[in-house]
There are 2 protein chains.
Amino acid sequence: MSEEMRPRLTAEERREQILAAASVVFGERGYAGGTTDAIAKEAGVSQAYVVRMFGGKENLFRAAADRAAARVRFAFRDTIAGFRGDEDLDEKRLALSMAYIGLMADRGLLLTLLHLFSLGHDPVLGPVARDCFLDVFRVVRDEAGFTGPEATEFFSRGMLTTVLLAMRIPDSAGRPEADELMSCAFGERTTDLISLMQGQVPLDDAAR
Amino acid sequence: MSEEMRPRLTAEERREQILAAASVVFGERGYAGGTTDAIAKEAGVSQAYVVRMFGGKENLFRAAADRAAARVRFAFRDTIAGFRGDEDLDEKRLALSMAYIGLMADRGLLLTLLHLFSLGHDPVLGPVARDCFLDVFRVVRDEAGFTGPEATEFFSRGMLTTVLLAMRIPDSAGRPEADELMSCAFGERTTDLISLMQGQVPLDDAAR
DNA sequence: TACGCTAGTAATCGATTGATAACATGTCAA
DNA sequence: TTGACATGTTATCAATCGATTACTAGCGTA
């Protein structure tokens, strides 16, 4: 944004800043398309610092993806912790769906995960992808008390939601099929999400 | 593979060869990660020819994605054409699911589409992504006679299936959660798909 | 057989990218 | 104060990639 005085931070604080920036950039452009330079600009540091702090782009992506998966797990566990124990399946499903949809506010988080999942062929990131997915799956199945088919059904919905987010389906709002698809997939939060996603402006030229 | 005599082909035949190669390469590495050189090697032609025939990488990806979406539509329409008219929802759903799963045999087809869907932010490819998705959606809803919610549910399953394919979930076969997830998502075709996906060897170094 | 069109390739270029090395600056303890 | 370590930056490099240009070879046909 603006050129401001940038105070020295601890490595820990910078690390978090860079990971947040990496989440935005990798979320929008994917692993191969996201450059360390764009991430550095987004975080307000030099490209060399980004690379050296994480020891390479691959490690940086891995860290950003791990962080994203950890946040999804936390959001689910946080929701589950609020259960009283007498909820039926529909109540639990709705609560977890709302938690998932809430994660969309963190621009890039779910998209970074989707890009991770598309790297199954990669010898290093492929196993990371499968581990992240299965870790979250286990949380929903075991800690929320879903059966296997119930958890699978829940993840189906989640993947459609994520793909629609990646596709920027609200950009097609007004077309009848798009409107119906969104209202079926997002339910009562459809209008929220339309304004949310449309507010997410693309990375500016400065970060290119 | 082997160095063979390469006869002259018509432009139409070469075009199809290159699109098939592009589907494989883009499916595995995505738009940004898939190089025109890898596609050229996969198709057995020079990199310059690939670029010039399609007028640039973006047009090539667009053509490969359009071709993939057209094949999905064709597979669905072909299935629907076999309906007698007295099927119930479950029968239609199962038949269409089988058609979709059958598309996995074409290495790269569904993965190229998934990568396309992740480009919603792109000013050129974003609209292409939304159009492709909505076109297929319309086929299922209108021509197969699904309601909006039924079609949405069907596409949820499809997106999970596709993500599991991208993730190479069969590489985690043996782990209990992975096995349960696959049996829930793939049903009776689970073992087919495990052998199918594991037979899909990564692109070799020569095509790097 | 010479001509013109189509199907190709080899060579090369400029831009981008991830990475590294060398250097600078701030902070804190002895 | 000084010195040692942590927080950064600038400059630069080798590799890669998409694209362009110039050239070559096959093939039907007038």
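We name chains A, B, ... by the order of the sequence lines, and we start the count at 1 in each one.
Because its NZ or CZ atom is both nearer than 6.0 Å to the ring centre of B:Y31 and within 45° of the ring axis, B:K57 counts as a cation-pi partner of that residue.
At least one side-chain nitrogen or oxygen of A:T36 sits closer than 4.0 Å to the OP1 or OP2 atom of C:dG18.
Annotation: side chain of B:E153 is in contact with side chain of A:R157 (closest heavy-atom distance under 4.5 Å). With a 4.5 Å cut-off on side-chain heavy atoms, B:R29 and B:I39 do not count as touching.
The side chain of A:S46 sits closest to D:dT10 out of C:dG18, D:dT20, D:dT10. The side chain of B:A48 lies closest to D:dT20, out of C:dT17, D:dG18, D:dT20. When the nucleotides C:dG8, C:dT17, D:dT9 are ranked by their closest atom to the side chain of A:V45, D:dT9 comes out on top.
Rounded to whole angstrom, the span from the CG atom of B:L60 across to the P atom of D:dC17 amounts to 15 Å. Atom CG in A:D37 sits roughly 14 Å away from atom C1' in D:dT12 (whole-Å rounding). We find that CD of A:E13 is positioned 13 Å from P of C:dT27, with the value rounded to whole Å. Taking atom CD of residue B:Q17 and atom P of nucleotide C:dG8, one finds them 9 Å apart after rounding to whole Å. Rounded to whole angstrom, the span from the CE atom of A:M53 across to the P atom of D:dT7 amounts to 7 Å. Taking atom OH of residue A:Y49 and atom C1' of nucleotide C:dT20, one finds them 16 Å apart after rounding to whole Å. Distance, A:R14 CZ to D:dT9 C1': 12 Å, rounded to whole Å. One can place NZ of A:K57 at 11 Å from C1' of C:dT16, the figure rounded to the nearest angstrom.
A distance below 6.0 Å separates the ring centres of B:F154 and B:F76.
For the pair B:T10 and B:Q47, both in contact range of DNA chain C, the more 5′-proximal nearest nucleotide belongs to B:T10. Each of A:G34 and B:A11 has a nearest nucleotide on DNA chain C; the 5'-most of these lies closest to B:A11. Map B:G33 and A:E12 each onto its nearest nucleotide of DNA chain D; the residue landing nearer the 5' end is A:E12.
With values rounded to the nearest 0.5 angstrom, B:M197 atom CE is found 4.5 Å from B:M104 atom CE.
B:R52 contributes a side-chain N or O that forms a donor-acceptor pair with the base of C:dG8 under 3.5 Å. With hydrogens and angles ignored, a donor-acceptor pair under 3.5 angstrom links the side chain of B:R8 to the base of C:dT6.
A donor-acceptor pair under 3.5 Å is formed between the side chain of A:E150 and the backbone N or O of A:T147.
Aromatic ring orientation, A:F133 versus A:F117: perpendicular (interplanar angle above 60°, classes split at 30° and 60°).
Axis angle, first five pairs versus last five pairs of the helix from C:dT1-D:dA30 to C:dA30-D:dT1: 10°, rounded to 10°.
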